[in-house]
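Every chain is numbered from 1 and lettered A, B, ... according to where its sequence line falls, protein lines coming before strand lines. Any value given below was found using the heavy atoms of this structure, including those in side chains, with hydrogens, waters and symmetry copies removed.
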4 protein chains.
Amino acid sequence: MNTVILIGRLTRDPESSTAGGYARCRFTLAVERPYTNQQGDREADFIDIVTWRQLAEVCGKHLAKGRLVAVRGRLQVRSYETEDGSRRRVAEVVAEDVRFLDKPRDRQGESEQPSTADLGEIDDDEVPF
Amino acid sequence: MNTVILIGRLTRDPESSTAGGYARCRFTLAVERPYTNQQGDREADFIDIVTWRQLAEVCGKHLAKGRLVAVRGRLQVRSYETEDGSRRRVAEVVAEDVRFLDKPRDRQGESEQPSTADLGEIDDDEVPF
Amino acid sequence: MNTVILIGRLTRDPESSTAGGYARCRFTLAVERPYTNQQGDREADFIDIVTWRQLAEVCGKHLAKGRLVAVRGRLQVRSYETEDGSRRRVAEVVAEDVRFLDKPRDRQGESEQPSTADLGEIDDDEVPF
Amino acid sequence: MNTVILIGRLTRDPESSTAGGYARCRFTLAVERPYTNQQGDREADFIDIVTWRQLAEVCGKHLAKGRLVAVRGRLQVRSYETEDGSRRRVAEVVAEDVRFLDKPRDRQGESEQPSTADLGEIDDDEVPF
DNA sequence: TTTT
DNA sequence: TTTT
């Protein structure tokens, strides 16, 4: 049993690629901690998410920096060797489900004056909560 | 929202210490993946757990290498600088609840011939599921 | 171990009361199912939530019909006897954490023309995600 | 988002059947509450679980009264009309994953003197945690 | 009885 | 390196 559920905002636009023949989409979530620190401000955990296949396609198409999402997945720890021979570990959440919790804004670097029509075509409402 | 639930076995005995005036107990869980790899064997994720205060005391007293536990907690990512100035990240689960799912064995390096009396005193049944 | 995590919208305004000397707040969430039915529309589960103490006060003050929230809690099943002597069971989620996922609208039956000042006083932003 | 994770013991043997052309298996879990009541004893919630298809077959074959399992699923509330025309609601967890957390005992009403061979054939170890 |  |  290995289940992770997170709600947070994307720290930057997602990165889409292909790996092993499957669509893959990666992004990082800023997940706020439940308490404030001694300086009185709320810290966040920056958690790497990876999605595959159809879910990767939906995420790559609709997500963008700042969007609020809920993720359910599995915590995975990968181990690898660096160039100088030392071992490093990477922790990431392999998403099994992603819900979009806010309305899309215009995507960075796409259109300067996004129209309702453009937003209609992106049609984030196909994948509402 | 940041919730992690894991079931797995301790890879070694837990490490108890004190930090910031609070009892702390650390251990690593081997959490089996839901599928088998191409060689047909089941891999595992090795996930670091940290517990604090009373929960740390209970874990330090009753847990041991090989024990099966369920953990509910929060996925935390800490960032630190190495001696040579590079940045590293550490992911760990801060446990809010730990359930013991099997009966205790004798603890490594304690007694060669543990008696039922000894086990009775340890009394893991105080903290049954 | 008994953990439930839900995201959904309140089907009506929450009900605040006092029980056993503690503040209590009840509401029902409409939680959409992951799939659509044979008629092609998405059904929902209507799940009763109960909160206590400080969390009840925050929920009673800030929540309203239609608001989107995330709830983490425990699934509880209570059994009771009806007037005619038959046994009934009630399932509800006892919330341990509630996150508000959207901006407040004006509350039903409060002010016909809510002003930004009024919203400022309610100050839902004290309890943002 | 609708995720439930439970650990508990079966209150009786599971019931296997077929519904809508699919294998279905139902059982009830006794899930202990985290606290003790005023009489000092630990109560439990009795939560109905339903599984479908291959998972139903595995559960029907290997589970029995008293077995300790972990369930991940979705909380579903069904509404129905009674003979006298009143409305009732039923809450149950639709399991997506079930893990067996202890070794099988001999099943009620099967063999008086189960042998290791019999247990070997049941081979619960195919589905270990 | 149900939310968007 | 980080989101609102």
Among F/dT2, E/dT4, E/dT2, the one nearest any side-chain atom of A/R12 is F/dT2
Options F/dT2, E/dT2, E/dT3, nucleotide nearest the side-chain atoms of A/T28 = F/dT2
Quick one: do B/E92 and B/R26 make a salt bridge, cutoff under 4.0 Å?
-> yes
Results of side chain to side chain contact (heavy atoms under 4.5 Å, CB included) for C/R88 - residues two or more places apart only | C/Y80, C/T82, C/S86, D/R88
Please state how far atom CD in C/E43 lies from atom C1' in E/dT1, giving the value in whole angstrom units.
-> 16 Å
Write down the distance between CG (C/D45) and P (E/dT2), rounded to a whole number of angstrom.
-> 14 Å
Which one, F/dT2, E/dT4, E/dT2, comes nearest to the side chain of D/R89?
-> E/dT2
Gap between atoms CD and C1', on A/E15 and F/dT1 respectively (whole Å) | 12 Å
Could you tell me the separation between the CE atom of B/M1 and the C1' atom of F/dT4, rounded to a whole number of Å?
-> 17 Å
Hey, is C/R78 close enough to D/D45 for a salt bridge, meaning N to O under 4.0 Å?
-> no
Calculate the interatomic distance between A/L10 atom CG and F/dT3 atom P; express it in whole Å.
-> 11 Å
Whole Å only: how far is the NZ atom of C/K65 from the C1' atom of E/dT2?
-> 8 Å
Could you tell me whether the phosphate oxygens of E/dT1, OP1 or OP2, come under 4.0 Å of any side-chain nitrogen or oxygen in D/R87?
-> yes
Could you give the CD-to-C1' distance, from B/E81 to F/dT1, as a whole number of Å?
-> 13 Å
In residues 69-76 of chain A, what donor-acceptor pairs under 3.5 Å come from side-chain atoms, sequence neighbours left out?
{"from": "A/R72", "atom 1": "NH1", "to": "A/E96", "atom 2": "OE1", "distance (Å)": "2.9"}
{"from": "A/R74", "atom 1": "NH2", "to": "A/Q76", "atom 2": "OE1", "distance (Å)": "3.3"}

In whole angstrom, give the distance that lies between atom CZ of A/F100 and atom P of F/dT3.
-> 20 Å
Within the stacking criterion (centroid distance below 5.5 Å, interplanar angle below 30°), does A/F46 stack on F/dT3?
-> no
